[in-house]
Asks: 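Let me begin by handing over the structure; questions about it come next.
Side-chain atoms are counted along with the backbone in the values below, which use heavy atoms only and exclude waters and symmetry mates.
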Amino acid sequence: MKTIDALSRGLDVLRGLEERRGQSLAELHRATGIPKASLLRILETLEQSGFAWRAIGDGRYRRSVALIFRPGIDDSLLRIGEIAAPFLEGLRKKVIWPSDVLVHRNYRMELVETSRRQSSLNVTVYAIGYRVEMFLSAPGRAFLAFCSDAERDAILADAAAHPPLLARSRQVIAGGELAAILEETRRLGYASRDPLFGGTDDKEISVSDDGIDAIAVPVQHGDKLLATMNLVWPRKYKLKAQIVREHLADMQETAAAIAAAAEASTEKRSTE
């Protein structure tokens, strides 16, 4: 019986896609030997059919998370990056400044999608999968403020067992500031980046500084906290008050849309 060559090529491409790291068009071309023009048609077909997606954060192709069976891991969290992309791009076009979406995993916030790559503005771009510190970053503080007591206690227990490398993080935890910071975050509806945070969890700001400021909001559906979403800009412009005044509502609307789309996707899969 003859096989279908086009389907065979499509399956070869699908097998070549890595869900985490992703693959560029050039890498897929080298791995499969399929001409780039044909590859683009195959990838577009896979995207339209829901079998693959292309992150705006790095332009790399990945298998859809919905295709991967992973017992014990909440797929709705892993799909946030896929779902968030058009919403982040829409927000960037509206407010100019780019955003990231991050999920909590193993006591860090993990970047799953970003619109920084599409921005012509001067902001540091981090790779998808980059892990962000919990106690000084805006996404980390937003998660800590709006997560369950059990999740927060587990994060604090891990910090007690493995003290953060940054002196400012240890100060926030041990000095009693954290409770007040999280209470203010809940009252305002957004979290702020600590002014002494330079963007990494192992180098003080005097050594490594990405020059960014940020605020972050929760991405939640009802009481279920799925992720956090930030808005970033160069710190030197001192725009925080203006951004909160002009764009916080846009951020919250976008976060709510991402959460609703994620929940709808989860419900759809559960009925299939």
Side-chain angles (χ1 to χ4, degrees), residues 57 80-81 84 87-88 91-92 95-105 107-116 119 121 123-126 128 130-147 151-152 155 159 164 166 168-169 171-173 177-201 203-205 208-220 225-256 258-259:
I80 290 292
F87 296 101
L88 291 190
L91 179 64
R92 185 190 65 81
V95 308
I96 300 177
W97 301 109
S99 297
D100 309 316
V101 168
L102 304 95
V103 300
H104 175 250
R105 185 168 296 121
Y107 312 115
R108 294 289 188 278
M109 300 303 295
E110 183 174 317
L111 181 67
V112 294
E113 186 54 293
T114 175
S115 60
R116 297 191 196 196
S119 175
L121 303 171
V123 290
T124 302
V125 178
Y126 291 109
I128 289 176
Y130 185 77
R131 290 169 60 75
V132 179
E133 198 268 356
M134 292 298 300
F135 301 102
L136 304 183
S137 69
R141 288 179 170 182
F143 187 88
L144 285 166
F146 294 98
C147 70
E151 288 173 308
R152 190 179 308 107
I155 293 168
L166 298 179
R168 176 60 181 153
S169 295
Q171 180 186 33
V172 166
I173 298 169
E177 291 181 62
L178 186 61
I181 289 170
L182 300 185
E183 179 58 35
E184 181 182 43
T185 296
R186 286 186 284 266
R187 179 177 63 81
L188 296 175
Y190 68 90
S192 298
R193 186 192 241 214
D194 194 281
L196 296 180
F197 181 51
T200 69
D201 63 1
K203 295 181 178 67
E204 302 292 345
I205 193 171
S208 178
D209 182 9
D210 60 13
I212 285 173
D213 202 356
I215 59 173
V217 297
V219 177
Q220 58 187 147
L225 180 59
L226 304 177
T228 61
M229 185 191 80
N230 66 11
L231 193 69
V232 301
W233 64 93
R235 189 190 311 118
K236 63 183 180 181
Y237 294 151
K238 301 180 180 179
L239 291 173
K240 180 181 171 183
Q242 178 182 340
I243 283 176
V244 169
R245 182 174 64 252
E246 296 180 358
H247 301 314
L248 176 59
D250 295 322
M251 291 180 64
Q252 292 170 329
E253 181 180 336
T254 300
I258 293 171

Asks: If you measure from CZ on Phe87 to CD1 on Ile80, what distance do you get to the nearest 0.5 Å?
Replies: 10.0 Å
Asks: Go through the steps to decide whether Phe143 and Ile155 satisfy the test side-chain contact (heavy atoms from CB on, under 4.5 Å), and finish with yes or no.
Replies: CA-CA 11 Å; Phe143 187 88; Ile155 293 168; 3.9 Å; yes
Asks: Are the side chains of Asn230 and Arg193 in touch, meaning some heavy atoms are under 4.5 Å apart?
Replies: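 Sidechains of Arg193 and Asn230: no contact.
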Asks: Can you confirm whether His104 sits close enough to Leu225 that some side-chain heavy atom of one is under 4.5 Å from a side-chain heavy atom of the other?
Replies: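 With C-beta onward as the side chain, the pair stays apart.
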Asks: Ignoring hydrogens, what is the shortest heavy-atom contact between Gly189 and Pro218? Give both atom names and the distance.
Replies: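 Scanning both residues, the minimum pair turns out to be O-CD, 4.1 Å.
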Asks: Looking at every non-hydrogen atom in both residues, tell me the closest pair between Arg152 and Leu144 and how far apart they are.
Replies: NE-O, 2.7 Å
Asks: Considering non-hydrogen atoms only, spot the tightest contact between Phe135 and Val172 and give its length.
Replies: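 Taking Phe135 first and Val172 second, the nearest heavy atoms are O-CG1, 4.4 Å.
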Asks: Could you check whether any side-chain N or O of Glu133 sits under 3.5 Å from a backbone N or O of Gly199, counting only pairs where one atom can act as donor and the other as acceptor?
Replies: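 No: the side chain of Glu133 does not pair with the backbone of Gly199.
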Asks: Output, in order, the C-alpha distance, side-chain angles, deciding distance and verdict of salt bridge (Lys or Arg N to Asp or Glu O under 4.0 Å) for Arg131 and Asp201.
Replies: CA-CA 9 Å; Arg131 290 169 60 75; Asp201 63 1; over 6 Å; no
Asks: Side-chain contact, heavy-atom cut-off 4.5 Å: Tyr130 with Thr200?
Replies: yes
Asks: Which atoms form the tightest heavy-atom contact between Leu231 and His247, and what is the distance?
Replies: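 Closest pair (atom of Leu231, atom of His247, distance): CD2-CB, 4.2 Å.
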Asks: Classify the angle between the aromatic ring planes of Trp97 and Tyr237 as parallel (below 30°), tilted (30 to 60°) or perpendicular (above 60°).
Replies: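 Tilted: the ring planes of Trp97 and Tyr237 meet at 30° to 60°.
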Asks: Between Lys240 and Asp213 (salt bridge meaning N to carboxylate O under 4.0 Å), is one present in this structure?
Replies: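 Salt bridge: no.
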Asks: Tell me if a side-chain donor or acceptor on Arg116 pairs with a main-chain N or O of Asp100 at a distance below 3.5 Å.
Replies: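 Checking the backbone N and O of Asp100 against the side chain of Arg116, no donor-acceptor pair under 3.5 Å is found.
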Asks: Between Gln242 and Arg245, do the side chains contain a donor N or O and an acceptor N or O under 3.5 Å apart?
Replies: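 Not at all, the side chains of Arg245 and Gln242 share no donor-acceptor pair under 3.5 Å.
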Asks: Check Arg141 with Glu184, please: is the shortest side-chain N to carboxylate O separation under 4.0 Å?
Replies: no
Asks: Specify the closest pair of heavy atoms between Leu166 and Glu204, including all atoms of both residues, with the distance to one decimal.
Replies: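 Heavy-atom minimum between the residues: CA-OE2, 3.6 Å.
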Asks: Are more than 12 heavy atoms, taken from residues, nucleotides or ligands other than Ile96, located less than 6.0 Å from that residue's CD1 atom?
Replies: no
Asks: Quick one, Leu248 and Val217 - any side-chain contact, counting heavy atoms below 4.5 Å?
Replies: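 With C-beta onward as the side chain, the pair touches.
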Asks: In Å and rounded to the nearest 0.5 Å, what is the NZ to CD1 distance from Lys203 to Ile205?
Replies: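 Those atoms lie 14.0 Å apart.
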Asks: Rounded to the nearest 0.5 Å, what separates atom CZ in Arg168 from atom CD1 in Ile173?
Replies: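 Going from the CZ atom of Arg168 to the CD1 atom of Ile173 covers 10.5 Å.
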Asks: Between CZ of Arg92 and CG of Asp250, what distance do you get to the nearest 0.5 Å?
Replies: 14.5 Å
Asks: Return the CG to CD distance between Leu188 and Glu183, rounded to the nearest 0.5 Å.
Replies: 10.0 Å
Asks: Check the side chains of Asp210 and Tyr126 for a donor-acceptor pair under 3.5 angstrom, ignoring hydrogens and angles.
Replies: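 Side chains of Tyr126 and Asp210: pair found under 3.5 Å.
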Asks: Under the 3.5 angstrom rule, does the side chain of Ser115 hit a backbone N or O of Ser99 as a donor-acceptor pair?
Replies: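 The answer is yes, because a donor-acceptor pair under 3.5 Å joins these two groups.
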Asks: Minimum heavy-atom separation for Pro164 to Ser169, with atom names?
Replies: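 That closest heavy-atom pairing would be CB-CB, 3.6 Å.
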Asks: Pro98 versus Val232: any side-chain heavy-atom pair under 4.5 Å?
Replies: yes
Asks: How long is the gap from CG on Leu196 to CG on Asp209, to the nearest 0.5 Å?
Replies: 10.0 Å
Asks: Would you check if Met229 and Leu91 make a side-chain contact, meaning some heavy-atom pair closer than 4.5 Å?
Replies: yes
